[in-house]
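Reading through the structure tokens given below for one structure.
Throughout, a chain's letter reflects where its sequence line sits, starting with A, and its residues are numbered from 1. Since this is a predicted model, take the numbers as computed values, not measurements. Values reported hereafter were calculated over all heavy atoms of this structure, with side chains retained and with hydrogens, waters and symmetry mates removed.
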There are 2 protein chains.
Amino acid sequence: MAEREVDRSVSQTVKAQLALRDQILSGALRPGERISELQAVETTGASRTPVRMALVRLEEEGLLEAIPSGGFMVKAFSERDISDSIELRGTLEGLAARFAAERGVSARELEPLKECLAAIDELLRQVPISIEAFSSYVALNARFHALLTELSRSPPLIRQIDRASALPFASPSGFVMAQSALPEAQQILIIGQEHHRVVIDAIENREGARAEAVMREHARLAVRNLRLALRNRTHLDLLPALALIKTATD
Amino acid sequence: MAEREVDRSVSQTVKAQLALRDQILSGALRPGERISELQAVETTGASRTPVRMALVRLEEEGLLEAIPSGGFMVKAFSERDISDSIELRGTLEGLAARFAAERGVSARELEPLKECLAAIDELLRQVPISIEAFSSYVALNARFHALLTELSRSPPLIRQIDRASALPFASPSGFVMAQSALPEAQQILIIGQEHHRVVIDAIENREGARAEAVMREHARLAVRNLRLALRNRTHLDLLPALALIKTATD
DNA sequence: TGTATGCGTTATGTATACAATAGTGGAGAG
DNA sequence: CTCTCCACTATTGTATACATAACGCATACA
């Protein structure tokens, strides 16, 4: 019998949660597939109690679905579910931007946002963009959105946005990855960057309505691009998050 | 030793979750107070495993907060947290109304909404409104909002709205309860009812922007009323949900 | 041949035992 | 008298044993 290798650095619950999430997002577990606790115990190395806690968390996170008769299955999403999630997130980010604008933000707090902006500008100067630069872009973009969310100073809203981003395609990096599958990718990234610039400007000038509007437009752009990207699925094999979309068209 | 009385009709996990939620919302457990598993085991009648699952769920729900060193405590909310949550919910409901309007809703689907509307009208005809009628109003109002949310036909959005309503004051009945503490309560309920009427009309005529706008206004009204109600706290002792608001002014 | 019923297996729900850690109180020394 | 350190206790984190319910298969009967 394999003696259990216990890693004491992180809790078993967290370890199991991360491992299971990886399995789901990587597509190792397919949508609709039932997830067996025993199997999860073997693959994660934790015992049943932490595995169960991880499963409950992932269910609340929206990646799993409880089966009425017991147990959990990997949730399946339709294309519309995904695009709705993106729009949902854009709406919440719009509210965050408005809060930031209305409540006032010091120049010092905007500094890191502007640094992000400048760094992204630098990356986008390359035509065409390299793989490494693209991956830096994804990270910077996610950071920009996270910082913007923080500016709202509203813990409930921040929490909700985090939740809404649990679905990989609803997260900023999800946007970006979907867009990367399009031929006109770089042009789209530049438009998105323009949105970022406008929202900062609106927040600086305390124009709440404008800040909100541009973030919503930002999300609508992402929705359009996602739709386009899904039309030519050829490029999308690389996107593990796509594994979550049901194969059957509903 | 007391033999454990096992209720097989519902799962122990659900039973524990409901019991704990009750304890929190009723104020039996105060904000900031650490919640002891052993104590929860005694009060809920379930054993530690289901209790822990319930605690995890309540944490994801936003009612509890994980303590870094282990365990959970009852989350405390500032007045702004609550008002932000109401506005957040209004924003999401606005999106739901817009989706409903844009995607089209059959007359048959609007029927139950209109019945709600009529029933509420009937109740509000009493001046002043009786306690029983008021409690019917709370239920009908919650039902109206739930039905409206459903019309969006967007599972991710519906899910998110449910989540956003976990905080008691962010729920429609929370709106109503806060409003009920005001002298001008009935007048406010009538204004709210007017909003309901407008959103139905907008959805029927497929005016997405108008449907969205009125739901957001609806929430802003609730925020204003909450602020007013909190000014004269005298009436609010009756609102158990208030137990979640931190006592210390931050 | 098809359907229904019963039994067996498997997986989940629940309970509890064990381990480890953090917090607390007391005692001793400076 | 106060501060620090050690030990003990209480509580959480983890593992596993036990109970129970669901699913599948096989067999028998219509």
Side-chain angles (χ1 to χ4, degrees), chain A residues 1-21 23-24 28-61 63-75, chain B residues 1-21 23-24 28-61 63-75:
Chain A
M1 161 184 178
E3 57 277 17
R4 196 176 293 285
E5 193 61 41
V6 181
D7 178 2
R8 299 250 169 255
S9 62
V10 294
S11 81
Q12 298 295 94
T13 303
V14 170
K15 194 179 78 176
Q17 189 176 353
L18 292 176
L20 287 171
R21 187 172 13 217
Q23 288 180 34
I24 296 167
L29 298 164
R30 306 196 68 81
E33 188 174 340
R34 183 173 195 151
I35 206 165
S36 151
E37 278 186 17
L38 246 46
Q39 177 191 329
V41 163
E42 282 171 16
T43 58
T44 64
S47 78
R48 276 189 66 207
T49 305
V51 161
R52 281 179 70 80
M53 289 181 59
L55 291 173
V56 169
R57 286 204 145 90
L58 290 168
E59 183 207 354
E60 300 287 334
E61 212 170 273
L63 253 44
L64 296 180
E65 202 172 350
I67 301 173
S69 66
F72 299 93
M73 55 179 267
V74 179
K75 203 156 167 178
Chain B
M1 164 185 179
E3 56 277 16
R4 198 175 290 286
E5 194 61 41
V6 181
D7 179 1
R8 299 253 168 252
S9 63
V10 294
S11 82
Q12 297 297 93
T13 303
V14 170
K15 193 179 78 175
Q17 189 175 353
L18 293 176
L20 287 171
R21 191 180 1 226
Q23 288 180 35
I24 296 167
L29 296 165
R30 305 195 67 80
E33 187 174 342
R34 183 173 194 151
I35 207 167
S36 152
E37 278 187 13
L38 243 46
Q39 176 191 330
V41 163
E42 282 170 17
T43 59
T44 64
S47 78
R48 277 188 67 207
T49 305
V51 162
R52 283 179 70 80
M53 287 180 61
L55 290 173
V56 169
R57 286 203 146 90
L58 289 169
E59 183 207 354
E60 302 286 335
E61 215 170 270
L63 254 43
L64 296 180
E65 202 172 351
I67 299 173
S69 66
F72 299 92
M73 56 179 266
V74 180
K75 204 158 169 178

B:Met53 CE to C:dA15 C1': how many Å, rounded?
14 Å
Protein-nucleotides 5-10 of chain C N/O pairs under 3.5 Å:
none

For B:Glu37 and D:dG13, what is the distance between atoms CD and P respectively, to the nearest whole Å?
6 Å
Kindly indicate whether the side chain of A:Arg52, heavy atoms from C-beta on, has any atom under 4.5 Å from the side chain of B:Thr13.
no
Rounded distance (Å) that lies between atom P of C:dA11 and atom CE of A:Met73
18 Å
d(A:Gln23 CD, A:Thr44 OG1) to nearest 0.5 Å is 7.5 Å
Let me confirm one number: the CG-CG distance from B:Leu58 to B:Leu20, rounded to the nearest 0.5 Å.
6.0 Å
Set out, in order, the CA-CA distance, both residues' side-chain angles and the distance that settles side chain to side chain contact (heavy atoms under 4.5 Å, CB included) for B:Glu59 and A:Arg57, then state yes or no.
CA-CA 9 Å; B:Glu59 183 207 354; A:Arg57 286 204 145 90; 2.4 Å; yes
To the nearest angstrom, the CZ-P distance between A:Arg48 and D:dC18 comes to 14 Å
Measure the distance from CD on A:Gln12 to P on D:dT12 and round it to the nearest whole Å.
19 Å
Looking for any heavy atom pair under 4.0 Å, which part of the strands does B:Leu55 touch: base, sugar-phosphate only, or nothing?
nothing
On DNA chain D, does the nearest nucleotide to B:Arg34 precede the nearest nucleotide to B:Thr49 from the 5' side, or the other way round? Give the residue.
B:Arg34
